[in-house]
**Q** 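I am attaching a structure below and will ask some questions about it afterwards.
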Number of protein chains: 2
Amino acid sequence: MMEQIADILKKNQLSITEGRKKILNMFLNSPGALAHADIEKNTDASFDRVTVYRTLQTFVEKGIIHNIPTTDNSILYALCKDNCEAGHHHDNHVHFICDVCDKTICLENVIIPEVKLPKGFTQKQTDVVISGICNKCK
Amino acid sequence: MMEQIADILKKNQLSITEGRKKILNMFLNSPGALAHADIEKNTDASFDRVTVYRTLQTFVEKGIIHNIPTTDNSILYALCKDNCEAGHHHDNHVHFICDVCDKTICLENVIIPEVKLPKGFTQKQTDVVISGICNKCK
DNA sequence: ACATTTTTGCACCAATGTTGCAAAAAATAA
DNA sequence: TTATTTTTTGCAACATTGGTGCAAAAATGT
Ligand SMILES: [Mn+2]
Ligand SMILES: [Mn+2]
Ligand SMILES: [Zn+2]
Ligand SMILES: [Zn+2]
């Protein structure tokens, strides 16, 4: 496991540090998406807040994690399981937010349907976020 | 125009105040979505920040405006053109964010496609946010 | 082990959003 | 209209979230 983590970091030309290993490990073990606050909570304040912010930014830039749109103003992050590259993500799955447990889950198998836009609009990225009750809370 | 505004407020059992009229008017005249900051800018600081926040909250609760998910942590609001009620919105259109002009537009005519979820998931609301280049920036 | 590059922690700042409470404004009653 | 009640506003104070510059610390390459 710790090998896998170091590999991911190496593959992305990132120095292997405690913070990055710990945070990446959290993502690998988390079934759902994580917010900055979740990460800070689970690391026992062993890292500075700023380090967490910068680590998340770096991971997004490298294509290791992607972020998920929300209606409240929180930024959520989840592992990219599609083969995303630095600077360009190819996630094309639906995200689900449970109204009960409040968790956000990547539905890797539910691919985003095509949407036809009016003339003149060029489509780059499509995000689909569905809310309701998840399979565990049902 | 000012009549229409007063009507909307009355219909929703809201006191008719300067602030609410001004903010509602902004929404009626805006082609795209508005953020809190946009509203504060256009009202020349004639209202307190808190009043703007509370007005937006109230409008959302009453079903006059709805909010739009974003990837950065900003909350956007737009007029509900579907017949939304207090406590329950029925917006089912796609939202478009332009990477060039950075405006968010309600594509009222592009309805959200059906998405089939895995067993155990109950679907309440679906948000589709598409980014790219809008018809004016093209 | 040493020099170089990268990352971290700290202090400080800025934007965003919330709450309690008294003053002001709007709606309702008289 | 004026008086009373209800609602809304403004202010102050606070919390949370996120970003920047810079020196210290850690990681990398030789
Ligand atoms: Mn995802
Ligand atoms: Mn809309
Ligand atoms: Zn759930
Ligand atoms: Zn545009």
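In what follows, every chain begins at residue 1, and chains take the letters A, B, ... in the order their sequences are listed. Just the heavy atoms: all of them, side chains too, but no hydrogens, waters or symmetry mates, feed the values below. Not measured: the values here are computed from a predicted model.
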**Q** Toward the 5' end of DNA chain D, which comes first, A:His36 or A:Arg54, by nearest nucleotide?
**A**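 On the 5' side of the pair lies A:His36.
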**Q** Rounded to whole Å, how long is the line connecting atom CG of B:Asp72 with atom C1' of C:dA15?
**A**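 The distance from CG of B:Asp72 to C1' of C:dA15 comes to 13 Å, rounded to the nearest Å.
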**Q** Given atom CD1 of A:Ile23 and atom P of C:dT8, what is their separation to the nearest angstrom?
**A** 8 Å
**Q** For B:Thr17, is there any backbone N or O sitting under 3.5 Å from a side-chain donor or acceptor partner on B:Ser15?
**A** no
**Q** Does the protein touch nucleotides 23-30 of chain C at the base, only the backbone, or not at all? Give it as B, S and - per nucleotide, heavy atoms under 4.0 Å.
**A** ---SS---
**Q** Main chain of A:Ala78, side chain of A:His66: is a donor-acceptor contact present, judged purely on distance under 3.5 Å?
**A**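 Yes.
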**Q** Quickly work out the B:Gln13 CD to D:dT8 C1' distance and round it to whole Å.
**A** 16 Å
**Q** Between the side chain of A:Ser30 and the main-chain N/O of A:Met26, is any donor-acceptor distance below 3.5 Å?
**A** no
**Q** Determine whether the aromatic ring centres of B:His36 and B:Tyr53 lie less than 6.0 Å apart.
**A** yes
**Q** Check the distance between D:dT7's P and B:Leu9's CG and give it to me in whole angstrom.
**A** 16 Å
**Q** Hey, does the side chain of B:Tyr53 come within less than 4.0 Å of C:dG17's phosphate (OP1/OP2), counting only N and O?
**A**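 For B:Tyr53, the contact criterion (side-chain N or O under 4.0 Å from OP1 or OP2 of C:dG17) is met.
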**Q** Answer with yes or no after comparing the ring centroid distance for A:Tyr77 and A:Phe59 against a 6.0 Å cut-off, counting only values under it.
**A** no
**Q** Any sub-3.5 Å donor-acceptor pair from A:Asn42's side-chain atoms to A:Asp38's backbone N or O?
**A** yes
**Q** Rounded to the nearest Å, what distance is computed from the CG atom of residue B:Asp38 to the P atom of nucleotide C:dA15?
**A**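 Distance, rounded to whole Å: 15 Å.
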**Q** Rounded off to whole Å, could you give me the CD-to-C1' distance for the B:Gln57 and D:dT7 pair?
**A**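 Whole-Å distance recorded here is 16 Å.
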**Q** Has A:Asn12 got a side-chain atom pairing as donor or acceptor with A:Leu14's backbone, closer than 3.5 angstrom?
**A** no
**Q** Output the rounded distance in Å from CD (A:Glu61) to P (C:dT7).
**A**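 After rounding, the reported distance stands at 11 Å.
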**Q** Roughly how many Å is it from NZ in A:Lys41 to P in D:dT16, rounded to a whole number?
**A** 12 Å
**Q** Does B:Arg49 make a side-chain donor-acceptor contact with the base of D:dG10, cut-off 3.5 Å?
**A**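 Per atom types, no contact qualifies.
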